[in-house]
Asker: 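One structure, pasted below without further comment.
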Amino acid sequence: MPHAVSLLRAARLARSAKPFLARGGFKRERCAGCRLVPSHCMCAVRPPVATRAGVCLLMADIEPLKPTNTGWLVADVVADTFAFGWARTETDPALLALLNDPQWQPYVVFPGQYAAPERVVLGVVPSSPDGADGGAAKRPLFILFDATWGEARKMFRRSPYLDGLPVLSLQPEQITQYKLRNSGRDDHFCTSEVAAMCMDLAGEHAAQQTLDAYLGVFTHHYLCAKNQQPVAWDGAAHQRLREVVALRNQEA
């Protein structure tokens with residue numbers, strides 16, 4: 001069943017006047033499920049994880065079309081992933097309804113120095129599925145700008161419907177492991193890395209570990225396809241994902 005990002009991609013393609021050609025990528029047929037060439041398809045290892053936390057992706061115009069986009073990976077793993085195209089002049093009513101849904105506590109994930117200090121938070125209160133919190137806690141909903149850094153800053157400034165929401169400022173200790181685009185800075189993270197950090201803060205450690213491992217598998221498949229090399233199904237990336245999935249199954 002198509003997830004939110006694949007549906008947004010299909011809608012974006014439907015209104016395109018001409019085919020989208022990714023810069024620097026391979027120009028061969030791609031799998032509709034993972035955007036890789038069929039010989040390097042990774043749909044069979046898609047690792048969905050049950051979570052109480054959700055993700056809302058606000059995507060720059062052509063971001064759903066880019067084969068290197070990692071918001072797609074978030075939607076593969078986290079079932080409650082929502083995706084909306086961002087525009088300065090109009091807002092999807094479904095997005096506004098989601099932000100006002102009483103089951104969710106939205107957090108805008110963005111560096112704190114760009115927000116008023118009173119809006120900035122450094123952590124979240126994980127919701128309790130067993131009622132131990134009296135049923136009052138809401139489910140965390142992480143709002144991520146899926147865009148280049150320049151686009152993301154513009155989106156943050158020009159989205160007035162987000163102004164009343166807390167801004168979650170992440171404090172990562174690692175550097176990015178993303179290899180498919182180069183921002184020139186080690187402290188800029190791809191969307192799936194940011195989602196993994198958010199899941200960790202929400203106590204969704206299985207989702208965090210799965211997102212990290214799944215990004216490694218996607219990177220391996222993409223680079224092998226680009227360089228016309230075979231997939232190392234027994235290599236380190238796939239072994240790490242298998243270990244994470246096995247551990248999760250043991251704890252379930």
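The shown structure was predicted, so the numbers you read here are calculated from the model rather than taken from an experiment. Atoms considered below: every heavy atom in the structure, side chains included; atoms not considered: hydrogens, waters and symmetry mates. In this chain, numbering begins with 1 at the start of the sequence shown.
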Asker: I'd like to know whether the aromatic ring centres of F110 and F145 sit less than 6.0 Å apart in this structure.
Answerer: yes
Asker: Check whether any side-chain heavy atom of M42 sits under 4.5 Å from a side-chain heavy atom of F218, and report yes or no.
Answerer: yes
Asker: Within a reach of under 6.0 Å around CD of Q113, are more than 12 heavy atoms found that belong to other residues, nucleotides or ligands?
Answerer: yes
Asker: Let's go through S159 and W86 carefully: what are the C-alpha distance in whole Å and the side-chain angles of both, what is the deciding distance for side chain to side chain donor-acceptor pair (under 3.5 Å) to 0.1 Å, and is it a yes or a no?
Answerer: CA-CA 9 Å; S159 301; W86 185 88; 2.7 Å; yes
Asker: I want to check something: taking the side chain as every heavy atom from C-beta on, are V109 and C198 in contact at a cut-off of under 4.5 Å?
Answerer: yes
Asker: Any side-chain heavy atom of T70 sitting closer than 4.5 Å to one from L215?
Answerer: yes
Asker: Could you tell me whether the side chain of T51 and the main chain of A53 form a donor-acceptor pair under 3.5 Å?
Answerer: yes
Asker: V244 and side-chain contact (heavy atoms from CB on, under 4.5 Å): which partner among N249, T210, V49?
Answerer: T210
Asker: Verify side chain to side chain donor-acceptor pair (under 3.5 Å) between Q208 and E204, making sure each step is shown before the conclusion.
Answerer: CA-CA 6 Å; Q208 175 257 316; E204 304 278 7; over 6 Å; no
Asker: Is there a path of hydrophobic side-chain contacts, each under 4.5 Å between heavy atoms, that joins V45 and Y222?
Answerer: yes
Asker: Report the C-alpha separation of H40 and H220 in whole Å, then their side-chain angles, then the decisive distance to 0.1 Å, and conclude whether the ring-ring contact (aromatic ring centres under 6.0 Å, His included) test is met.
Answerer: CA-CA 10 Å; H40 290 67; H220 173 71; 8.6 Å; no
Asker: Between the side chains of R52 and D80, is the shortest nitrogen-to-carboxylate-oxygen separation below 4.0 Å, so that they form an ion pair?
Answerer: no
Asker: How close do L73 and L211 get, counting heavy atoms only, and between which atoms?
Answerer: O-CD2, 4.1 Å
Asker: Would you give the length of the straight line joining atom CZ of R35 to atom CZ of R30, rounded to the nearest 0.5 angstrom?
Answerer: 8.5 Å
Asker: Any donor and acceptor pair, going by atom type alone, linking the side chain of R158 with main-chain N or O of R153 inside 3.5 Å?
Answerer: no
Asker: Hey, could you give me the CH2/NZ distance between W104 and K138, rounded to the nearest 0.5 Å?
Answerer: 12.0 Å
Asker: Can we call the ring centroids of Y114 and W149 under 6.0 Å apart?
Answerer: yes
Asker: Taking the side chain as everything from C-beta on, heavy atoms only, tell me whether M199 gets closer than 4.5 Å to V55.
Answerer: yes
